Structures are given as structure tokens and as C-alpha cells.
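Scroll down for the structure; my scribbles are underneath it.
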Amino acid sequence: PERAETILKSITVQVGRTGVLTPVAELEPVFLAGSTINRATLHNADEIRRKDIRIGDRVLIEKAGEVIPAVVEVMLAARTGREQVFAMPDCCPVCGGAVAREADAVALRCVNLSCPAQTREWIKHYAARGAMNIDGLGDALVEQLVAKGLVKAPADIYSLSKAELSALERMAEKSAQNLLDAIAESRQRELWRLIFALGIRHIGAKSAQLLEAEFESLDALMAAD
């Protein structure tokens, strides 16, 4: 893959749907493979240590799989001695809750299931095209719903009112009604889509389809040993 050289200005930490803390390189913008890149994944703390990546380093980046930018190498010869060693946070950077590393796992995980970052990513996953496919429930709207406490879990989506939606930014009465119609339509999705949308760890779309084929109903699945 094509590579580009740039400066790693800082490292931020994102919290994903399952609570995993992922370090992200904030870069001096650089053009690579058709687009300007200013962020790149650093995967986890072990990867940072293995590559000896430090804040202030001159680094090489590439698009892993031609899609996701990643830091692949540090230009050690360019070091000045002013670079800073990075350490993962002792608590969740979003909710301040405890973080833990499970046995044999690489990633740190926020253990607070009510963490707003986890909730946001959970709702985005639930509404996504490959899951419940709720048209109109995009990232910006999810951010507002979670920030205002209107949605704390997927079930809350089905209790939203037109008045609540119309009061949000960039939501007129017509767009609020369109979203309510899309939410109502999602009730008719196949069972495997619901199983996948719930965001259970280790359950992808294919696993969800196998579970639907075996159990045929959510009640039967819940009653399984």
C-alpha cells in the first residue's frame, strides 16, 4: 500500500460500543491514497509499546486494507529527544469509570455499561443499515438523543415522541414523523437482525443468522442453556 510520512501530534483515546479503549494518533494532516488523513488507529497499548510510538514522533502511515489509516513505522532517526512516552488512562476518558483488562485480552475495557460513549456506539450499531436499518437515525441525531438522556438503550428508541424529536436541532415536524415511521417499520425486521443489533459480544451477523435458524424465536433463544 501507498505510505506517507507525517508528525504524530498527540494521542487520544476512544471508547467503543463494547467499552474497549482504543488509542488514536492525531496527525499533522497528510495526503494519502486519495484523501487527507489527520487521524490513524494505534490499535492498543501493546501495539504502541511494540512499535515504540511516542508523541512527537515522525511516523509512516498507510491505509490498512486500503481503508483504515494506521501507523506502521516510527522514523527513529528523526527523533530529537523531546518525544513523549504515552500511557493508557487509568479510568475511562468519557465517564471516569473503572477500566479493566480481561485475562488473555489485549484491550482495556470500560466496565461501566452506562458509559455515554458505549451507549452512543450501541445505538448507532443498532440503527445501522446492516442491523435494524432505521433510516434517519444517523450519528448526529444519536449524539443528541444520548446527550439529552432521551435514549439510554435501544428499547428507548420505540418510546420517542414527535414532540421530543421536533425539539432537537435540525429536526422539523416532518422529519420527526419520518423518523417515527422508520422506527415503526423496524419492528418488522427479521429476528437475526435484532439479535445482531443488540451488540452482544462475539455475535456478528452470521452468528445471529445461525441462532435464528436454530431457535426460530427470541423466547426460545432466551430459554436456551
Side-chain angles (χ1 to χ4, degrees), residues 12-22 24 35 37-39 41 65 67-69 92-97 107 109-213 215-219 221-222:
T12 55
V13 177
Q14 292 182 335
V15 182
R17 173 173 56 86
T18 61
V20 170
L21 274 60
T22 303
V24 176
S35 61
I37 307 299
N38 52 27
R39 308 184 87 202
T41 181
V67 178
I68 303 170
C92 174
V94 175
C95 70
R109 192 183 300 274
C110 170
V111 299
N112 174 20
L113 295 180
S114 299
C115 174
Q118 291 187 58
T119 301
R120 283 196 302 269
E121 297 306 315
W122 187 20
I123 302 303
K124 290 175 187 178
H125 171 77
Y126 184 89
R129 183 169 296 179
M132 295 299 275
N133 192 19
I134 302 178
D135 189 38
L137 192 52
D139 291 359
L141 185 55
V142 170
E143 299 273 352
Q144 287 192 71
L145 291 171
V146 173
K148 292 182 180 297
L150 295 173
V151 172
K152 297 177 181 176
D156 296 335
I157 294 170
Y158 298 92
S159 301
L160 291 169
S161 68
K162 185 188 286 191
E164 288 172 330
L165 291 172
S166 299
L168 299 175
E169 288 180 30
R170 300 185 179 181
M171 285 292 285
E173 207 166 295
K174 180 173 174 54
S175 51
Q177 185 57 56
N178 288 341
L179 178 56
L180 289 175
D181 292 343
I183 291 170
E185 185 183 331
S186 74
R187 293 176 181 271
Q188 309 305 317
R189 302 282 184 252
E190 302 99 312
L191 175 60
W192 73 263
R193 286 183 174 273
L194 173 60
I195 297 169
F196 173 55
L198 290 175
I200 302 166
R201 285 174 62 193
H202 312 304
I203 301 297
K206 182 62 178 176
S207 297
Q209 290 170 36
L210 292 172
L211 289 170
E212 179 185 38
F215 295 100
E216 298 184 354
S217 77
L218 193 60
D219 287 338
L221 175 58
M222 290 170 68

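When a residue number appears, it is its place in the shown sequence, counting from 1. Being a predicted model, the structure only gives us computed values, none of them experimental.
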Taking the side chain as every heavy atom from C-beta outward, state whether Thr41 and Ile68 have any pair of such atoms under 4.5 Å apart.
yes

Of all pairs that satisfy salt bridge (charged side-chain N to carboxylate O under 4.0 Å, His left out), the ones with a partner from residues 145-160, not counting sequence neighbours
none

My understanding is that only residues two or more places apart in sequence, or in another chain, count here; which of them pass ring-ring contact (aromatic ring centres under 6.0 Å, His included) with Tyr126?
none

Kindly state each residue pair satisfying salt bridge (charged side-chain N to carboxylate O under 4.0 Å, His left out) with at least one member in residues 130-139, sequence neighbours excluded.
none

What heavy-atom pair brings Thr18 and Gln118 nearest, and what distance separates the two atoms?
C-OE1, 3.8 Å

For the residue pair Leu21 and Gly19, what are the closest heavy atoms and their distance?
CD1-O, 3.2 Å

Measuring only between side-chain heavy atoms, which start at C-beta, is Leu145 closer than 4.5 Å to Leu165?
yes

Applying salt bridge (Lys or Arg N to Asp or Glu O under 4.0 Å), name anything that partners Glu121, two or more places apart in sequence or on another chain.
Lys124

Determine whether Ser186 and Tyr158 make a side-chain contact, defined as any pair of heavy atoms from C-beta on separated by less than 4.5 Å.
yes

Which salt bridge (charged side-chain N to carboxylate O under 4.0 Å, His left out) pairs, counting each pair once, include a residue from residues 158-187, with sequence neighbours left out?
Glu185-Arg189

Does a sphere of radius 6.0 Å around CG in Leu113 hold more than 12 heavy atoms from other residues, nucleotides or ligands, not counting ones at 6.0 Å or beyond?
no

Is the shortest heavy-atom distance from the side chain of Cys92 to the side chain of Asn112 under 4.5 Å?
no

Any side-chain heavy atom of Phe196 within less than 4.5 Å of one from Lys206?
no

Can you name the salt bridge (Lys or Arg N to Asp or Glu O under 4.0 Å) partners of Arg17, sequence neighbours left out?
none

